[in-house]
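To start, the structure under review is shown below, and the notes come after it.
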Amino acid sequence: MLPADLHAGYLAFASGRLSDEQARYATLAEEGQRPRTMIVGCCDSRVSPEVIFGAKPGEIFVARNVANLVPPYRPDGEHHGTSAALEFAVLALEVRHIVVLGHARCGGIRAFAERRAGQPSPLSSGDFIGAWIALLAAVEEREPARPEQTAAEHARRLEVASLGQQLANLRSFPFVRSREAAGALSLHACFFDIASGRLASYDEATGALALLEAEVRPRPRLVAERC
Ligand SMILES: [Zn+2]
């Protein structure tokens with residue numbers, strides 16, 4: 001049996017959103033998905049891309065992993081889940097946008113910073129997650145720890161600096177690089193502050209964040225036909 005909260009949640013979905021959107025589901029089943037945007041987000045349960053962007057079924061293609069990382073292009077025959085999702089989104093779905101969604105208080109990035117600071121960690125570099133967040137070493141080169149900083153402060157800077165590294169890693173994939181050069185694909189990054197619920201866009205040129213307007217206005221559709 002499912003956990004009771006999931007069962008109750010499904011019943012609420014079936015009697016609410018599903019009944020409201022039955023036609024959309026039927027169309028998506030018949031015609032397949034055609035999302036225009038891929039999101040690379042963190043597994044963190046507080047940072048749901050569908051919730052933050054108010055997305056409906058079929059509108060965004062989401063790959064989530066610990067610390068919203070994009071591994072560098074490495075076609076070595078190993079099992080690369082995020083790379084596979086990226087390949088499918090770009091080559092099969094032909095998404096027009098890829099958005100890396102970072103967030104504050106990221107446990108994966110915090111664990112990396114704490115280990116770097118020599119603090120006890122439940123993770124070892126031999127664990128799956130330890131090996132995964134070792135990808136942040138490239139970010140640390142951009143944003144090294146400072147003696148006056150705590151691990152938490154360093155983590156906060158890594159959370160933002162990581163966005164630039166993930167965009168660079170996206171461009172290590174030839175099919176991303178070529179489509180971006182052709183103007184068929186745009187790369188973006190943004191940052192979600194969990195405590196305030198505010199979203200900021202990341203400026204790749206300066207490494208700065210700029211808060212998005214939060215005033216209520218009608219929401220344009222995220223999804224359109226392929227163009
Ligand atoms: Zn996270």
Side-chain angles (χ1 to χ4, degrees), residues 37-55 60-72 79-86 89 97-145 149-173 187-204 207-212 214:
T37 300
M38 177 185 187
I39 309 281
V40 179
C42 183
C43 295
D44 193 305
S45 61
R46 304 164 294 181
V47 190
S48 167
E50 293 87 346
V51 171
I52 292 169
F53 295 111
I60 55 177
F61 184 82
V62 178
R64 296 176 73 169
N65 61 51
V66 171
N68 47 270
L69 303 178
V70 177
H79 305 296
H80 296 291
T82 298
S83 302
L86 177 64
H97 305 277
I98 301 174
V99 180
V100 179
L101 173 61
H103 72 98
R105 300 165 195 261
C106 181
I109 292 178
R110 177 74 177 264
F112 177 87
E114 288 178 345
R115 183 187 298 166
R116 279 291 194 264
Q119 296 179 12
S121 168
L123 308 173
S124 77
S125 58
D127 296 331
F128 288 114
I129 193 167
W132 177 251
I133 61 173
L135 287 168
L136 288 163
V139 181
E140 195 178 38
E141 289 179 16
R142 293 170 173 243
E143 200 61 73
Q149 280 184 327
T150 65
E153 290 166 344
H154 186 213
R156 166 68 177 154
R157 291 173 51 236
L158 288 173
E159 286 165 353
V160 178
S162 173
L163 297 174
Q165 184 63 47
Q166 306 323 311
L167 293 174
N169 287 355
L170 281 170
R171 294 191 183 96
S172 71
F173 289 76
L187 307 185
H188 319 263
C190 53
F191 188 82
F192 183 69
D193 181 66
I194 293 173
S196 68
R198 298 293 302 276
L199 187 70
S201 62
Y202 174 79
D203 184 325
E204 192 175 5
L209 296 176
L211 278 176
L212 271 62

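One-based numbering, in listed order, for ligands and for the atoms of each. Values in this document were obtained by computation on a predicted structure and should not be read as measured data.
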- Listed partners of Glu50 passing salt bridge (charged side-chain N to carboxylate O under 4.0 Å, His left out), at least two apart: none

- Query: Above 12 or not: heavy atoms from other molecules or residues under 6.0 Å from CZ of Arg64?
  - Reply: yes

- Listed protein N/O/S atoms, distance to the Zn ion (ligand 1) under 2.8 Å: Cys42 SG, His103 NE2, Cys106 SG

- Message: Check whether Gln149 reaches the backbone of Ala145 with its side chain - one donor and one acceptor, N or O, closer than 3.5 Å.
- Response: no

- Task: Can you spot which of Val40, Asn68, Ile60, Val99 makes a side chain to side chain contact (heavy atoms under 4.5 Å, CB included) with Pro49?
- Result: Ile60

- Message: Please find the pair of heavy atoms, one from Ser162 and one from Leu69, that lie closest to each other, and give the distance.
- Response: OG-CD2, 4.0 Å

- Message: Can you tell me how far apart CD (Gln165) and CG (Leu135) are? Round to the nearest 0.5 Å.
- Response: 9.0 Å

